[in-house]
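First the structure, in the form of structure tokens, and then the observations on it.
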Amino acid sequence: QVQLVESGGGSVQPGGSLRLSCAASGFTMDYYAIGWFRQAPGKEREGLSCISGSSGSTYYADSVKGRFTISRDNAKNTVYLEMNSLKPEDAGVYYCAAQTPAIVFRLCVLGGRSADYWGQGTQVTVSS
């Protein structure tokens, strides 16, 4: 059974950091692009960062470039999102999703519409 399970969300003050994890099971990441998406109330789902499970190539949205870092551990079938310098506008539900083939640009820029699998989401709150 295919599963993506996100963890690591929580509440932080502006300027703080969080590290999200996306653990995949039921498939091998090597042939997939894995991405992180944010859904904020009243806003369209945004593709924040995506990574190829095979090549490790990455994509970042302008809104998070320089603050967020995506990485993968294929041995653990897990993708991480390190989030630094968090802003109130970073708040929302964060989802990870997987798509094959491993075309990171397509997964992220299409807002996840090409994704094959989704996780259940983890809440991130940024407020003072």
Side-chain angles (χ1 to χ4, degrees):
Q1 182 182 358
V2 172
Q3 265 194 317
L4 292 171
V5 179
E6 302 96 335
S7 60
S11 183
V12 294
Q13 293 185 338
S17 298
L18 283 174
R19 187 194 196 207
L20 306 183
S21 298
C22 172
S25 60
F27 68 98
T28 303
M29 273 180 16
D30 301 47
Y31 306 107
Y32 284 78
I34 309 290
W36 286 97
F37 301 81
R38 178 171 64 212
Q39 182 76 63
K43 293 188 178 180
E44 202 169 304
R45 184 174 62 208
E46 181 183 10
L48 303 177
S49 184
C50 295
I51 188 167
S52 166
S54 54
S55 69
S57 60
T58 58
Y59 169 90
Y60 292 95
D62 288 343
S63 60
V64 303
K65 207 171 288 183
R67 299 188 298 122
F68 290 12
T69 303
I70 193 169
S71 61
R72 77 195 199 283
D73 185 336
N74 285 45
K76 295 183 179 180
N77 232 29
T78 300
V79 170
Y80 305 96
L81 187 69
E82 186 76 36
M83 306 188 294
N84 298 314
S85 303
L86 282 162
K87 306 175 183 178
E89 53 264 42
D90 291 320
V93 181
Y94 282 64
Y95 299 90
C96 67
Q99 166 212 280
T100 189
I103 305 172
V104 297
F105 184 81
R106 184 175 80 171
L107 177 60
C108 261
V109 171
L110 292 183
R113 287 190 289 278
S114 60
D116 297 295
Y117 308 117
W118 285 92
Q120 83 289 348
T122 185
Q123 178 73 46
V124 171
T125 303
V126 185
S127 69
S128 52

Self-check item: Closest heavy-atom pair and its distance - Phe37, Ala97
Solution: CE1-CB, 3.7 Å
Quiz item: Hey, any chance Tyr117 and Leu48 share a hydrophobic cluster, counting ILVMFWY side chains that come within less than 4.5 Å of each other, even indirectly?
Solution: yes
Exercise. State, with a plain yes or no, whether a side-chain heavy atom of Val64 is found less than 4.5 Å away from one of Trp36.
Key: no
Quiz item: Is Glu89 close to Ser63 at the side-chain level, that is, under 4.5 Å between some pair of heavy atoms?
Solution: no
Quiz item: How far apart are the closest heavy atoms of Met83 and Val124, and which atoms are they?
Solution: CE-CG2, 4.0 Å
Quiz item: Are the side chain of Tyr60 and the backbone N or O of Arg67 linked by a donor-acceptor pair below 3.5 Å?
Solution: no
Exercise. Mark yes or no for whether Gln99, through its side chain, and Pro101, through its backbone, hold a donor-acceptor pair below 3.5 Å.
Key: yes
Exercise. May I ask you to decide if Thr78's main-chain N or O and Asp73's side chain share a donor-acceptor pair within less than 3.5 Å?
Key: no
Quiz item: Should the pair Lys65-Asp62 be classified as a salt bridge under the 4.0 Å nitrogen-to-oxygen rule?
Solution: yes
Quiz prompt | Note, Phe27 side chain near Thr100 side chain (heavy atom, < 4.5 Å) | solution = no
Quiz prompt | Value rounded to 0.5 Å, distance of OG in Ser49 from CD1 in Ile34 | solution = 12.0 Å
Quiz prompt | Heavy-atom pair with the smallest gap, counting every atom of Asn84 and Ser17 | solution = OD1-OG, 2.8 Å
Quiz item: Shared ILVMFWY cluster between Trp118 and Leu107, side chains joined below 4.5 angstrom?
Solution: yes
Quiz item: Would you call the rings of Tyr59 and Phe105 parallel, tilted or perpendicular if under 30° counts as parallel and over 60° as perpendicular?
Solution: perpendicular
Quiz item: Do Leu81 and Tyr32 share a hydrophobic cluster, counting only Ile, Leu, Val, Met, Phe, Trp and Tyr and linking them when any side-chain heavy atoms are less than 4.5 Å apart?
Solution: yes
Practice problem: Taking Ser57 for its side chain and Ser55 for its backbone only, find out whether a donor-acceptor pair lies under 3.5 Å. | Solution: no
Quiz item: Of the non-hydrogen atoms in Cys96 and Glu6, which two are nearest, and what is the gap between them?
Solution: N-OE2, 2.8 Å
Exercise. Examine distances only and state if a side-chain atom of Glu82 and a backbone atom of Arg19 form a donor-acceptor pair shorter than 3.5 Å.
Key: no
Quiz item: Do you know which two heavy atoms are closest between Cys22 and Leu4, and how far apart they sit?
Solution: SG-CD2, 3.8 Å
Practice problem: Give, for atom OH of Tyr95 and atom CD of Glu46, the distance between the pair rounded to the nearest 0.5 Å. | Solution: 14.5 Å
Quiz item: So, Arg72 side chain and Ser54 main chain: donor-acceptor pair closer than 3.5 Å or not?
Solution: yes
Practice problem: Look only at the side chain of Gln1 and the backbone of Gly26, and say whether a donor-acceptor pair between them is shorter than 3.5 Å. | Solution: no
Quiz item: Donor-acceptor pair, Arg45 side chain versus Gly111 backbone, under 3.5 Å?
Solution: yes
Exercise. Indicate, with yes or no, if Tyr80 and Phe68 share a hydrophobic cluster defined by side-chain heavy-atom contacts under 4.5 Å among Ile, Leu, Val, Met, Phe, Trp and Tyr.
Key: no
Practice problem: Using the rule that two of Ile, Leu, Val, Met, Phe, Trp, Tyr join whenever any of their side-chain heavy atoms come within less than 4.5 Å, decide whether Val79 and Tyr31 are in one cluster. | Solution: yes
Quiz item: Between Ile51 and Gly56, which heavy-atom pair has the shortest distance, and what is it?
Solution: CG1-O, 3.8 Å
